[in-house]
Amino acid sequence: MKGSKANLSTLAEKCKTIIVSNWKGYLNTIKPEDKASIIHTSKVKYVMRRGKPYLWVPESEPHNVNIMFDERGSFSVSHPYPGPLAALLKSVGKVPNRVALTGEIIPVKEKRIEAVNRYVEEAIQSETRAISDSPYSVRSILSSSDHMYASRCESLKDLVDGGNEKYVIYKFVPSSCMFIDANGANREIDLKVLELSKPDPLGAWSTNLVDGINKDESRRRALILFCLYYLDINARDAYMVSVDTKGFDLLGKVPSEEEAGDEYQWREFRFQFEEEVKDVEAFCHQLVEMEQEVVNKFTDHTGL
């Protein structure tokens, strides 16, 4: 299905944001001999370089043999939901938006491997410096996240550290791109539009931010107060789901609107900023201001 140019441009930006916010995706290659099950699928790590995904495939993976016979393949990346959030969203039937690419999987030439590995090392160092140089409002959130599954730096280190796993590096050259939303509806994205689009400035930070907020009990309580103060909804629990420069989405456990069934249900709510923020520092500053506003409001109201 195709849409208007404006809609496709917005969807292309969403695709770019999903791709930069994650570092793992599902690679699908064609088996040369097995006609009963012709596709092999597994999760691999990747890095975006010059607009193309570079894939690190373990040497033990059947993908390497498959690609020798047929370079065609597909690669899909989902909006990342870190930690317990993924299990919670799955339990309520919510699946993440995702991007599906088809194209050719090209082995990186031996003489280019060092340059690609150096690019990853520089990307890790750059992100580490950015975190170190960020103000306390940012570091206080990022430090609460679980670095084992929410940190791009920690996840990519083993690609260049020379650990037990050895990899073959490939460049994925897309020939088509599809955006698939949470309801399963898909939209084809023009590759030229995708190439020219820019990701949300918070995209690369989003997984760390979401997990850091959800791991901090005081911030989780603030999310509950957001529902009460801004939406006049009495939530029993709440989780941050996604963040961007225009606002954020949270999942609240609120009184059910259905007569039969559970007393409470999980519902997603959108909180829109009055003004779009420009970067992660401005986002964290805005979040802190909102937290202080609701805490002061209810402290004054209760006389505490």
Side-chain angles (χ1 to χ4, degrees), residues 11-28 41-49 53-56 74-101 120 123-124 127-128 130-131 138 141-159 172 177-184 194 197-216 219-220 223 238-251 266 268 270 280 283-284 287:
L11 291 178
E13 292 172 0
K14 287 186 176 181
C15 288
K16 264 288 180 67
T17 301
I18 290 171
I19 292 170
V20 303
S21 66
N22 210 331
W23 53 89
K24 296 179 182 179
Y26 284 97
L27 176 63
N28 303 284
T41 303
S42 69
K43 185 179 286 188
V44 300
K45 295 180 181 180
Y46 71 93
V47 170
M48 292 299 292
R49 183 172 186 258
Y54 279 70
L55 317 177
W56 270 254
S74 62
F75 187 58
S76 63
V77 180
S78 299
H79 176 91
Y81 290 134
L85 187 59
L88 173 59
L89 290 169
K90 185 177 181 179
S91 72
V92 297
K94 180 176 174 57
V95 298
N97 294 333
R98 58 194 187 277
V99 180
L101 303 170
V120 177
I124 292 172
E127 187 169 321
T128 302
I131 294 173
V138 177
I141 294 177
L142 299 181
S143 63
S144 298
S145 67
D146 190 321
H147 293 265
M148 293 305 295
Y149 59 71
S151 170
R152 180 198 314 273
C153 289
E154 293 299 322
S155 184
L156 297 181
K157 278 181 180 178
D158 70 313
L159 300 182
F172 191 94
C177 175
M178 196 76 71
F179 174 80
I180 306 168
D181 67 19
N183 297 316
L194 181 66
S197 65
K198 295 184 180 299
D200 188 276
L202 268 60
W205 300 84
S206 61
T207 306
N208 252 336
L209 287 172
V210 168
D211 194 56
I213 293 167
N214 289 335
K215 285 289 176 60
D216 188 315
R219 290 205 143 91
R220 287 271 305 285
L223 298 181
Y239 284 91
M240 186 70 77
V241 175
S242 65
V243 300
D244 55 73
T245 56
K246 296 179 181 178
F248 56 87
D249 298 299
L250 66 77
L251 199 66
W266 289 99
E268 191 169 347
R270 174 70 180 176
V280 64
F283 174 87
C284 292
L287 184 67

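Count residues from 1 along the sequence. Only this structure's heavy atoms are used, side chains among them; waters, hydrogens and symmetry mates stay out.
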**Q** For residues Asp158 and Ser155, report the shortest heavy-atom separation together with the two atoms involved.
**A** OD1-O, 2.7 Å
**Q** Around atom NZ of Lys16, are there more than 12 heavy atoms of other residues, nucleotides or ligands at under 6.0 Å?
**A**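 Yes - once you tally the heavy atoms of other residues, nucleotides and ligands closer than 6.0 Å, there are more than 12.
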**Q** Out of curiosity, Leu194 CG to Leu11 CG, how far, rounded to the nearest 0.5 Å?
**A**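 One finds 11.0 Å between CG of Leu194 and CG of Leu11.
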**Q** Applying side chain to side chain contact (heavy atoms under 4.5 Å, CB included) to Asp216 and Ile141, what does each step give before you reach the verdict?
**A** CA-CA 8 Å; Asp216 188 315; Ile141 294 177; over 6 Å; no
**Q** Distance check, rounded to the nearest 0.5 Å: Trp56 atom CH2 versus Leu156 atom CG?
**A** 8.0 Å
**Q** Could you tell me if the side chain of Phe179 sits less than 4.5 Å from the side chain of Ile18, heavy atoms only?
**A** yes
**Q** Would you check if the side chain of Thr17 reaches a backbone N or O of Asp200 as a donor-acceptor pair within less than 3.5 Å?
**A** yes
**Q** Treating Asn97 as the side-chain partner and Ala182 as the backbone partner, does any N or O pair qualify as donor plus acceptor under 3.5 Å?
**A** yes
**Q** Working to the nearest 0.5 Å, report the span between CZ of Arg98 and CG of Asn22.
**A** 13.5 Å
**Q** Quick one: pull up CH2 in Trp205 and CD in Glu127 and give me the separation to the nearest 0.5 Å.
**A** 6.0 Å
**Q** Are the side chains of Pro53 and Met48 in touch, meaning some heavy atoms are under 4.5 Å apart?
**A**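 In contact.
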**Q** For Gly25 and Val77, which heavy atoms make the closest approach, and how far apart are they?
**A**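 That closest heavy-atom pairing would be CA-CG2, 4.4 Å.
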**Q** Could you grab the distance from atom CG of Leu202 to atom CZ of Phe283, nearest 0.5 Å is fine?
**A**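 The CZ atom of Phe283 is 6.0 Å from CG of Leu202, to the nearest 0.5 Å.
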**Q** Check side chain to side chain contact (heavy atoms under 4.5 Å, CB included) between Val92 and all other residues, then give those that pass, not counting sequence neighbours.
**A**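 Val92 satisfies side chain to side chain contact (heavy atoms under 4.5 Å, CB included) with Lys94, Trp266 once adjacent residues are dropped.
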**Q** Go through the steps to decide whether Cys15 and Cys177 satisfy the test side chain to side chain contact (heavy atoms under 4.5 Å, CB included), and finish with yes or no.
**A** CA-CA 9 Å; Cys15 288; Cys177 175; 4.2 Å; yes
**Q** If you round to the nearest 0.5 Å, how far is CE of Met240 from CG of Asp249?
**A** 9.0 Å
**Q** To check you understand the geometry: which heavy-atom pair defines the closest contact between Pro96 and Ser78, and what is its length?
**A**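 For Pro96 versus Ser78, the nearest heavy atoms are CG-CB, 3.9 Å.
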**Q** Identify which one of Leu209, Asn214, Thr207 satisfies the side-chain contact (heavy atoms from CB on, under 4.5 Å) criterion when paired with Pro82.
**A**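 Only match with Pro82 under side-chain contact (heavy atoms from CB on, under 4.5 Å): Thr207.
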**Q** Closest approach of Pro201 and Thr245, non-hydrogen atoms and distance?
**A** CD-CG2, 3.6 Å
**Q** Passes side chain to side chain contact (heavy atoms under 4.5 Å, CB included), Leu287 versus Val243? Steps please.
**A** CA-CA 11 Å; Leu287 184 67; Val243 300; over 6 Å; no
**Q** Which atom names give the shortest non-hydrogen contact between Ala238 and Leu250, and what distance separates them?
**A** CB-CD1, 4.3 Å
**Q** Listed by chain and number, what are the side-chain hydrogen bond (donor to acceptor under 3.5 Å, both in side chains) partners of Asn28, not counting sequence neighbours?
**A** Thr41, Ser74
**Q** Verify the ring-centre separation between Phe75 and Tyr46: is it less than 6.0 angstrom?
**A**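 Under 6.0 Å, so yes.
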**Q** Between Arg270 and Asp244, is there a salt bridge with N-O shorter than 4.0 Å?
**A**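 Yes.
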**Q** Nearest heavy-atom pair of His79 and Ser242: which atoms, and what distance?
**A**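 Heavy-atom minimum between the residues: NE2-CB, 3.9 Å.
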